[in-house]
Amino acid sequence: DLGEVRHLVNQYRKELARIRLMKENLSTKSKQQLTESQTATIDEFVKYACKNLGIQNPPRNLTFSYDNDAAKEKRSFGYFDPNSNKIWVYVKNRNMADILRTLAHELVHYHQHITGVHGNGETGSPTENEANVRSAIMMRNFDYDHPDVFKLPPIE
C-alpha cells in the first residue's frame with residue numbers, strides 16, 4: 001500500500017544519507033571525484049535497486065574507484081565482499097549506465113548474502129546467473145523512468 005511504500009522510501013533516504021560515496025586512489029596525485037550530479041544519479045539508482053530487491057538496510061560501504069590497477073588485479077569492474085559488506089565499483093572511463101549495471105549486479109549479491117543465499121561466484125553458477133539477470137532487468141526498468149542515464153557521458 002502507499003503508506004508502506006512511503007515508509008520504505010523514507011527508510012531508504014535515511015540509510016542512503018549515511019552512505020558515504022568513497023573513492024580509492026593509489027596515488028595522491030589523482031584527485032578524481034564523482035560530480036554532484038553523478039552522485040545524485042547513483043543515489044537515485046541505489047534507492048530504486050534496494051526497493052526492487054526488497055533491501056531494507058542498504059550496504060553502508062560503497063566505494064567508487066578510479067584505480068585501474070585494482071580493476072585489473074580483480075579482473076572485474078565490481079565486487080561484493082560478504083565479510084565487510086563492501087561493494088566496490090570501478091568508474092573511470094565508463095558510462096553511467098554501465099556503472100549502474102555493475103552496481104545492480106553487486107547489490108543482487110548483497111541481497112543474496114543477507115538472505116542466506118551463498119555461491120562461489122563462478123561464471124554460470126546460480127548466484128551469478130541471478131545477479132546477471134536481475135541487474136539487466138533493473139537497468140531496463142530504471143531506463144523507462146530515467147532515459148537520460150544512457151545518454152550521460154563517461155565518467156572521467
Side-chain angles (χ1 to χ4, degrees), residues 1 3-26 32-34 38-146 149-150 155:
D1 84 350
E4 185 172 332
V5 169
R6 285 188 179 136
H7 173 72
L8 287 174
V9 168
N10 286 334
Q11 268 188 305
Y12 295 139
R13 285 185 181 145
K14 288 176 186 175
E15 281 297 315
L16 292 171
R18 293 184 224 161
I19 294 174
R20 285 179 261 130
L21 299 178
M22 300 165 52
K23 63 185 183 322
E24 289 180 352
N25 289 304
L26 291 179
Q32 297 129 327
Q33 291 189 35
L34 297 172
Q38 291 164 338
T39 300
T41 299
I42 291 169
D43 283 346
E44 183 69 24
F45 183 76
V46 169
K47 290 175 197 172
Y48 167 80
C50 286
K51 180 179 175 186
N52 183 278
L53 293 167
I55 296 172
Q56 294 187 6
N57 296 308
R60 294 176 186 243
N61 192 355
L62 299 176
T63 299
F64 296 93
S65 176
Y66 289 80
D67 187 348
N68 187 268
D69 291 333
K72 287 178 186 175
E73 179 184 313
K74 295 173 190 341
R75 296 181 53 211
S76 181
F77 288 125
Y79 74 86
F80 166 66
D81 179 353
N83 297 316
S84 65
N85 282 338
K86 176 182 180 176
I87 291 177
W88 179 94
V89 177
Y90 180 71
V91 298
K92 188 174 182 182
N93 297 323
R94 296 181 69 204
N95 291 327
M96 181 59 76
D98 189 40
I99 292 165
L100 296 181
R101 194 228 173 266
T102 300
L103 179 56
H105 181 99
E106 301 311 329
L107 283 166
V108 171
H109 285 315
Y110 172 77
H111 179 261
Q112 290 167 338
H113 174 71
I114 62 176
T115 58
V117 176
H118 302 290
N120 58 15
E122 288 184 19
T123 302
S125 68
T127 54
E128 277 304 300
N129 287 344
E130 179 187 15
N132 287 327
V133 169
R134 291 188 82 177
S135 60
I137 292 169
M138 275 191 277
M139 284 307 301
R140 287 187 126 188
N141 290 336
F142 188 73
D143 176 49
Y144 295 135
D145 293 329
H146 304 85
V149 167
F150 285 88
I155 293 179

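The figures here come from the full heavy-atom set of this structure, side chains too, leaving out hydrogens, waters and symmetry mates. All residue numbers in this chain count up from 1 along the given sequence.
- Side-chain N or O atoms of His111 include one that pairs as donor or acceptor with a backbone N or O of Leu53 at under 3.5 Å.
- Closest approach of Lys92 and Tyr66 over heavy atoms only: CB-CD2, 3.9 Å.
- Listed by first then second residue, pairs satisfying salt bridge (Lys or Arg N to Asp or Glu O under 4.0 Å) with a partner in residues 103-130 read Glu130-Arg134, not counting sequence neighbours.
- Taken to the nearest 0.5 Å, the CG atom of Leu103 stands 7.0 Å off from the CD1 atom of Ile42.
- Between atom CG of residue Asn93 and atom CG of residue Asp98 there is a gap of 11.5 Å, rounded to the nearest 0.5 Å.
- Between Tyr48 and Phe45, the two ring planes are tilted [angle within 30° to 60°].
- Among all heavy-atom pairs drawn from Pro58 and Tyr110, the shortest one is C-OH, 3.7 Å.
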I'd like to know whether Met139 forms a side chain to side chain contact (heavy atoms under 4.5 Å, CB included) with Leu100, so could you lay out the CA-CA distance, the side-chain angles of the two residues, the decisive distance to 0.1 Å, and finally the verdict.
CA-CA 8 Å; Met139 284 307 301; Leu100 296 181; 3.7 Å; yes
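- Applying the side-chain hydrogen bond (donor to acceptor under 3.5 Å, both in side chains) criterion to Ser84, with sequence neighbours excluded, gives Asp81.
- Contact detail for Thr102 and Arg94: the closest heavy-atom pair is OG1-NH2, 2.7 Å.
- Contact record, Gly124 with Asn129: O-ND2, 3.1 Å, taken as the closest heavy-atom pair.
- Distance check, rounded to the nearest 0.5 Å: CD1 of Ile99 to OG1 of Thr41 gives 10.0 Å.
- Taking each heavy atom of Gln112 and Ala131 in turn, the nearest pair found is NE2-N, 4.3 Å.
- Looking at heavy atoms from C-beta onward, Pro59 lies in side-chain contact with Leu107 at the 4.5 angstrom threshold.
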Side chain to side chain contact (heavy atoms under 4.5 Å, CB included) between Val46 and Leu62, worked out:
CA-CA 10 Å; Val46 169; Leu62 299 176; 4.2 Å; yes
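- Each of Tyr79, Phe80, Phe64 was evaluated against Trp88; a single residue qualifies, Tyr79, per the ring-ring contact (aromatic ring centres under 6.0 Å, His included) test.
- Considering only heavy atoms from C-beta on, Gln38 stays 4.5 Å or farther from Val91 through its side chain.
- The ring-ring contact (aromatic ring centres under 6.0 Å, His included) contacts involving residues 114-135 comprise His113-His118, where partners must be two or more places apart or lie in separate chains.
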